[in-house]
Protein chains: 2
Amino acid sequence: MATPRLRIRKLSEPTISRLPVYQRIVESFRRRGITRIESSQIAQLTGVTATTVRRDLSGLGPLGTRGAGYDVDVLDQKIGEALGHDRTYSVVVVGMGNLGQALVNSSNFLIRGASLSALYDADPAVVGREIAGHVVRDINDPMIEATVGVICTPPSAAQEVADKLVAANVHAILNFAPTVVNVPIGVAVHYVDFSIELQILVFHLLNTMNFAGGILHSVGVTAQGQPDARAVD
Amino acid sequence: MATPRLRIRKLSEPTISRLPVYQRIVESFRRRGITRIESSQIAQLTGVTATTVRRDLSGLGPLGTRGAGYDVDVLDQKIGEALGHDRTYSVVVVGMGNLGQALVNSSNFLIRGASLSALYDADPAVVGREIAGHVVRDINDPMIEATVGVICTPPSAAQEVADKLVAANVHAILNFAPTVVNVPIGVAVHYVDFSIELQILVFHLLNTMNFAGGILHSVGVTAQGQPDARAVD
DNA sequence: ATTTGTGAAACCGTTCACAGCA
DNA sequence: TGCTGTGAACGGTTTCACAAAT
């Protein structure tokens, strides 16, 4: 039973997307043996304002010390709790092309409660091979149940794969194929589209060359903030 | 000399991130020979409201016809103009691991004005190989000038690569390494972090299982809208 | 003295409701 | 009639300014 689970009331969408970034910074401080961190330091490194950082963190309960900043260990743990890192969940990845391999071999993808359940591919040359400690299964084999499914197939196969994932009781899908997939109500789909990321970046480049701050993932652009890169790894 | 460039005044950040999605839908209509499209159809397929679609598009000037919807050709072209697709720009990709290969081999990444200039890697076993029609260069070779640089290296190398890119006059960086990089003012950095995407998805799964709509890349979750997946490819 | 935490104001984007046109 | 385009209302997030705490 451990700690009684304090239900976090209302974390806004923008806050949720920033918390993982904060946590990465906090952990890099921790690894370097620094025990305290200030909102202004997180702000500097992420490009958001210190006020926003404090407002975000205040949603997790009062965890800073006025005058001194936040305790790095406490902050790391509290953010982790808020994001549900104490819960584990299973992941299946479909499509073992370069992208699928990049994901499962990355030391940065399946972290914080995620555990890889199975890999699938349609290519007979790939099925049976061992990747990241898992034998790649045939997409036509019965699909293992999992919490999250990751689609790394060509777009033409994405819908079919999504259907299979839903049938295997998957509740959330991370879709790297540039296609909209149709799923029942209650299944979350999150899209990642490299081409669109690039287009957004280029738009900014061509138009507004004068924008400030914001090195956050997904909308980040550095400017005056001059974050100290070496501070984060 | 061509069309006089109408400077687009103010396109909001959310609008900019939706336009590429709209365009993808418009083009799928076009490929199927459909000549008109309504805001409600785009809305259905993206999960945003029809009003938002119209509001977004109205920023590009009046291009619809009241009573009938939008002309597919005109809309495609206008969105392309707004996003700067009539301008070409060059891209260098650094790091030819699985991710780098996935990107340059994808038919969906380098589109709309992007042209690949050069590939780089640090691994002698990879340098000299031909990938996507380009011989992979050594990261220590002089770097070709380009508009955009893409970092697909391990995080430990990201800062060094960013420095080299900046020295090669790159003005925008798409960083797939989970690290903050330090660049001079005027250089845009956009971060893509798979782990964070996954964490955000799982947060939603664990907490609010009751949220509506929004199948857009980056914050998308399907629900009642029931977009017809087959309509887009 | 310094930094957190937070009401209140300002700002921005979305939605509503409807006018404008084909 | 049907759908676009948009002023106005709304809701939510960020920023300001300052009180609270050590």
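Hydrogens, waters and symmetry mates play no part in the numbers below; they use all other heavy atoms, side chains included. Chain identifiers are assigned alphabetically (A, B, ...) following the order of the sequence lines, protein sequences preceding nucleic acid strands; residue numbering begins at 1 within each chain.
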### Message
With a 6.0 Å cut-off on the ring centroids, do F176(B) and F194(A) count as close?
### Response
yes
### Task
May I ask you to say what T51(A) touches in the nucleic acid, namely base, sugar-phosphate or nothing, with a heavy-atom cut-off under 4.0 Å?
base
#### Entry: Rounded distance in Å - NZ (K10(A)) to P (dT13(D))
8 Å
### Task
Look at E27(A) together with R112(A) and state whether they make a salt bridge at an N to O cut-off of under 4.0 Å.
yes
### Message
Can you see if the side chain of R18(A) gets near the phosphate of dT14(D) - specifically, an N or O under 4.0 Å from OP1 or OP2?
### Response
yes
### Partner residues of T35(B) under the side chain to side chain donor-acceptor pair (under 3.5 Å) criterion, sequence neighbours left out
none
## Note on the structure
Separation of dT4(D) atom P from D56(B) atom CG, nearest Å, is 13 Å
### Query
What residues form a side chain to side chain donor-acceptor pair (under 3.5 Å) with R55(A), not counting sequence neighbours?
none
### Message
Taking 4.0 Å as the cut-off, does a side-chain nitrogen or oxygen of S40(B) come that near to OP1 or OP2 on dC3(D)?
### Response
no
### Message
By the 4.0 Å heavy-atom rule, please label S39(A) as base, sugar-phosphate, or nothing.
### Response
sugar-phosphate
### Task
Mind checking side chain to side chain donor-acceptor pair (under 3.5 Å) for E160(B) and listing every partner two or more places apart, or none if nothing turns up?
none
### Query
Given atom CZ of R36(A) and atom P of dT22(D), what is their separation to the nearest angstrom?
12 Å
#### Entry: Protein-nucleotide distance (L75(B), atom CG; dT4(D), atom C1'), rounded to Å
12 Å
#### Entry: Set of side chain to side chain donor-acceptor pair (under 3.5 Å) partners for T49(B), sequence neighbours left out
T52(B)
### Query
Separation of L19(A) atom CG from dT13(D) atom C1', in whole Å?
14 Å
### Task
Report yes or no: is the cationic atom of R32(B) (NZ for Lys, CZ for Arg) under 6.0 Å from the centre of the six-membered ring of F29(B), at an angle within 45° of the ring normal?
yes
#### Entry: First-last contacting nucleotides on DNA chain C - partner chain A, under 4.0 angstrom, heavy atom
dT2(C) to dA8(C)
### Task
Ignoring backbone atoms, test whether Y70(B) places a side-chain nitrogen or oxygen under 4.0 Å from the OP1 or OP2 oxygen of dG5(D).
yes
### Task
Let me know, please, whether R66(A) or T15(A) comes out on the 5' side of the other along DNA chain D by nearest nucleotide.
T15(A)
Considering only nitrogen or oxygen atoms on both sides, find all protein atoms under 3.5 Å from nucleotides 8-11 of chain D and state each distance.
| unit_1 | atom_1 | unit_2 | atom_2 | d |
| --- | --- | --- | --- | --- |
| dA8(D) | N6 | R55(B) | NH2 | 3.1 |

### Query
Taking for each residue the nucleotide of DNA chain D with the nearest heavy atom, is it I37(B) or R54(A) whose nucleotide lies nearer the 5' end?
I37(B)
